[in-house]
Q: 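To start, I am sharing the structure in question, which I have written as structure tokens.
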Amino acid sequence: MPELPEVETIVRGLRPHLPGRIVTRVRVRRNDVLTVPARSFAAAVRHRRVREVLRRGKNVVLPLDGGSVVVVNLGMTGRLLPDPHPSPRHVALVLELDDGGRLVYDDVRRFGRWEVLDADAWAARSAALGPEPLDPAYRPEELAAALARSRAPLRSWLLDQRRIAGVGNIYANEALHLAGLHPRTPARNVAPERAYALHEALVRVLRAAIEAGGTTIRDYRNTDGAPGRFAPALRVYGRDGLPCPACGAAVRRIVFGGRSAFHCPRCQPEDA
DNA sequence: AGTGTATCCTGCAGGC
DNA sequence: TGCCTGCAGGATACAC
């Protein structure tokens with residue numbers, strides 16, 4: 001569910017609450033959001049101070065005093081809620097803080113994961129992720145060169161976190177529409193100028209979505225429990241049969257890689 | 001190196 | 001009302 005813009009919105013919402021706070025207690029209500037036993041997770045986090053709140057791809061990253069790092073992936077339905085009232089319906093984990101506050105993790109489907117990694121393990125994990133699309137150091141030429149090395153369909157390529165970090169199904173489809181590229185086009189078939197257009201489209205849609213506080217289809221909520229406001233700006237995602245905002249042709253839904261892809265047959269021709 | 005399929009879960013919308 | 005199917009912002013593991 002949460003892609004880069006949603007996670008960025010959440011991270012920004014956590015910043016007023018967490019840095020400098022000490023975790024006084026860890027309450028695990030659902031063991032399946034952890035990859036290790038609850039007691040070892042709690043032992044690694046308890047009594048530690050949260051230094052800052054960062055984002056890497058779709059992960060919320062909480063570096064702790066002592067060098068270890070809490071990494072939260074929200075899966076499809078994860079929510080991070082500082083001190084919500086009343087308590088949400090699917091609480092999986094709670095951090096209690098030294099100022100009396102709490103950080104509540106709610107996750108209906110429990111596809112989300114919490115991990116604690118030491119500094120080396122975190123460095124390795126982060127290195128396995130692709131570049132951040134909004135990093136000014138990420139240049140269009142780098143995207144073009146990387147695309148040229150793969151036969152994967154563009155939509156699949158964009159979803160692969162090892163190739164580019166933070167892009168999910170909504171913004172992959174939206175960026176491809178903005179760039180006039182068919183979701184199924186093999187990555188290596190994309191000419192450099194078109195790859196530059198895709199780079200620009202990614203940056204544009206991700207920035208605009210952050211500006212709007214993310215996209216809420218159904219479950220996504222920010223740290224205040226409020227939905228994002230980007231959904232009305234979606235051009236193709238979830239709009240099967242509705243008119244393309246650019247040309248009026250009916251948006252089409254296709255399925256590959258086990259997931260829906262949306263495109264305008266006129267603006268995004270198959271052979272382009 | 002790709003693709004398709006299944007899996008982890010719950011909830012909701014739509015068809016009958 | 002109820003039952004059934006399909007679908008969902010993710011990630012991974014498997015066989016081919």
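Proteins get letters first, then strands, A, B, ... in listed order; numbering begins at 1 in each. No hydrogens, no waters, no symmetry mates; every other heavy atom, side chains included, goes into these values.
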Q: Between A/Phe111 and B/dC9, do the rings stack, that is, sit under 5.5 Å apart with planes less than 30° off each other?
A: no

Q: What closest approach, in Å, do A/Glu3 and A/Val167 show between heavy atoms, and which atom pair accounts for it?
A: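 Taking A/Glu3 first and A/Val167 second, the nearest heavy atoms are OE1-C, 3.9 Å.
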
Q: Under 4.0 Å: is that the gap between some side-chain N or O of A/Arg163 and OP1 or OP2 of B/dG2?
A: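 For A/Arg163, the contact criterion (side-chain N or O under 4.0 Å from OP1 or OP2 of B/dG2) is met.
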
Q: B/dT10 pairs with which nucleotide, Watson-Crick or G-U wobble, both distances below 3.5 Å?
A: C/dA8

Q: Pick base, sugar-phosphate or nothing for A/Glu6, based on heavy-atom distances below 4.0 Å to the nucleic acid.
A: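 If one applies the 4.0 Å heavy-atom cut-off, A/Glu6 turns out to touch nothing in the nucleic acid.
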
Q: Keeping A/Thr9 on the side-chain end and A/Pro5 on the backbone end, is there a donor-acceptor pair under 3.5 Å?
A: yes

Q: Of all the choices, B/dG2, C/dA8, C/dG10, which nucleotide is nearest to the side chain of A/Tyr237 once you look at every atom?
A: C/dA8

Q: How close or far is atom P of C/dG10 from atom CG of A/Asp219, stated in whole angstroms?
A: 12 Å

Q: Please tell me which of A/Leu159 and A/Arg109 maps to the more 5' nucleotide of DNA chain C, matching each residue to the nucleotide holding its nearest heavy atom.
A: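 So the residue in question is A/Arg109.
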
Q: With heavy atoms under 4.0 Å as the rule, sort A/Arg253 into base, sugar-phosphate or nothing.
A: sugar-phosphate

Q: What integer distance in Å separates A/Asp32:CG from C/dA11:P?
A: 17 Å

Q: For B/dC9, take OP1 and OP2 only and decide whether either is under 4.0 Å from a side-chain N or O of A/His90.
A: no

Q: Is B/dG4 in the syn or the anti form, by the rule that syn lies within 90° of 0?
A: anti

Q: A/Arg55 side chain to A/Arg12 main-chain N or O, any donor-acceptor pair under 3.5 Å?
A: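 Absent.
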
Q: Starting from P on C/dG9, measure out to CZ on A/Arg221 and report it in whole angstrom.
A: 16 Å

Q: Could you tell me the Watson-Crick or G-U partner of B/dC16, where both distances fall under 3.5 Å? Say none if there is no partner.
A: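 Paired with C/dG2.
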
Q: For a quick test of reading the model: is some side-chain N or O of A/Ser150 closer than 4.0 Å to OP1 or OP2 of B/dG2?
A: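 Yes, A/Ser150 has a side-chain N/O under 4.0 Å of OP1/OP2 on B/dG2.
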
Q: A/Arg151 near the nucleic acid: base, sugar-phosphate alone, or nothing, with a heavy-atom cut-off under 4.0 Å?
A: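 Touches sugar-phosphate only.
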
Q: Report yes or no: is the cationic atom of A/Arg155 (NZ for Lys, CZ for Arg) under 6.0 Å from the centre of the six-membered ring of A/Phe256, at an angle within 45° of the ring normal?
A: yes

Q: Classify the side chain of A/Arg259 and the base of C/dA8 as holding, or not holding, a donor-acceptor pair under 3.5 Å.
A: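 Result: no qualifying N/O pair found.
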
Q: In whole angstroms, how far is the C1' atom of B/dG11 from the CZ atom of A/Arg79?
A: 12 Å

Q: Nearest whole Å is fine: how far is C/dT12 P from A/Arg125 CZ?
A: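 After rounding, the gap between these two atoms is 8 Å.
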
Q: Write down the distance between CZ (A/Arg229) and C1' (C/dG9), rounded to a whole number of angstrom.
A: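 For the pair A/Arg229 CZ and C/dG9 C1', the rounded distance is 17 Å.
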
Q: Can you find a side chain N or O atom of A/Asn169 that sits less than 4.0 Å from OP1 or OP2 on C/dG10?
A: no

Q: Between atom CG in A/Asn31 and atom C1' in B/dC8, what is the gap in whole Å?
A: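 The answer, rounded to whole Å, is 15 Å.
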
Q: Looking only at atom P, what distance separates B/dA6 and C/dT5, rounded to whole Å?
A: 15 Å

Q: Using a 6.0 Å cut-off, check whether atom CD of A/Glu142 has over 12 heavy atoms from anything other than its own residue.
A: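 Enclosed.
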
Q: Counting distance alone, no hydrogens or angles: does the base of B/dC9 have a donor or acceptor under 3.5 Å from a partner atom on the side chain of A/Arg110?
A: no

Q: C/dA13 and B/dC9: how far apart are their P atoms, nearest whole angstrom?
A: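 Pairwise P distance, C/dA13 against B/dC9, rounds to 16 Å.
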
Q: I'd like the P distance from B/dT5 over to C/dC7, given in whole Å.
A: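 Comparing P positions in C/dC7 and B/dT5 gives a spacing of 13 Å.
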
Q: Would you classify A/Ser260 as touching base, sugar-phosphate or nothing, given that sugar-phosphate means primed atoms plus P, OP1 and OP2, and contacts are heavy atoms under 4.0 Å?
A: sugar-phosphate

Q: Is the distance from the ring center of A/His177 to that of A/Tyr237 below 6.0 Å?
A: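 Ring-ring flag for A/His177/A/Tyr237: false, centres at least 6.0 Å apart.
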
Q: Across the strands shown, which category fits A/Asp107 at heavy-atom distances under 4.0 angstrom: base, sugar-phosphate, nothing?
A: nothing

Q: Between C/dG9 and A/Lys58, is there an OP1 or OP2 to side-chain N/O distance shorter than 4.0 Å?
A: no

Q: I need the CD1-P distance between A/Ile10 and C/dG9, as an integer number of Å.
A: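 Atom-to-atom, A/Ile10 to C/dG9, this comes out as 16 Å.
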
Q: Going by the angle between their ring planes, with limits at 30° and 60°, are A/Tyr171 and A/Phe230 parallel, tilted or perpendicular?
A: tilted

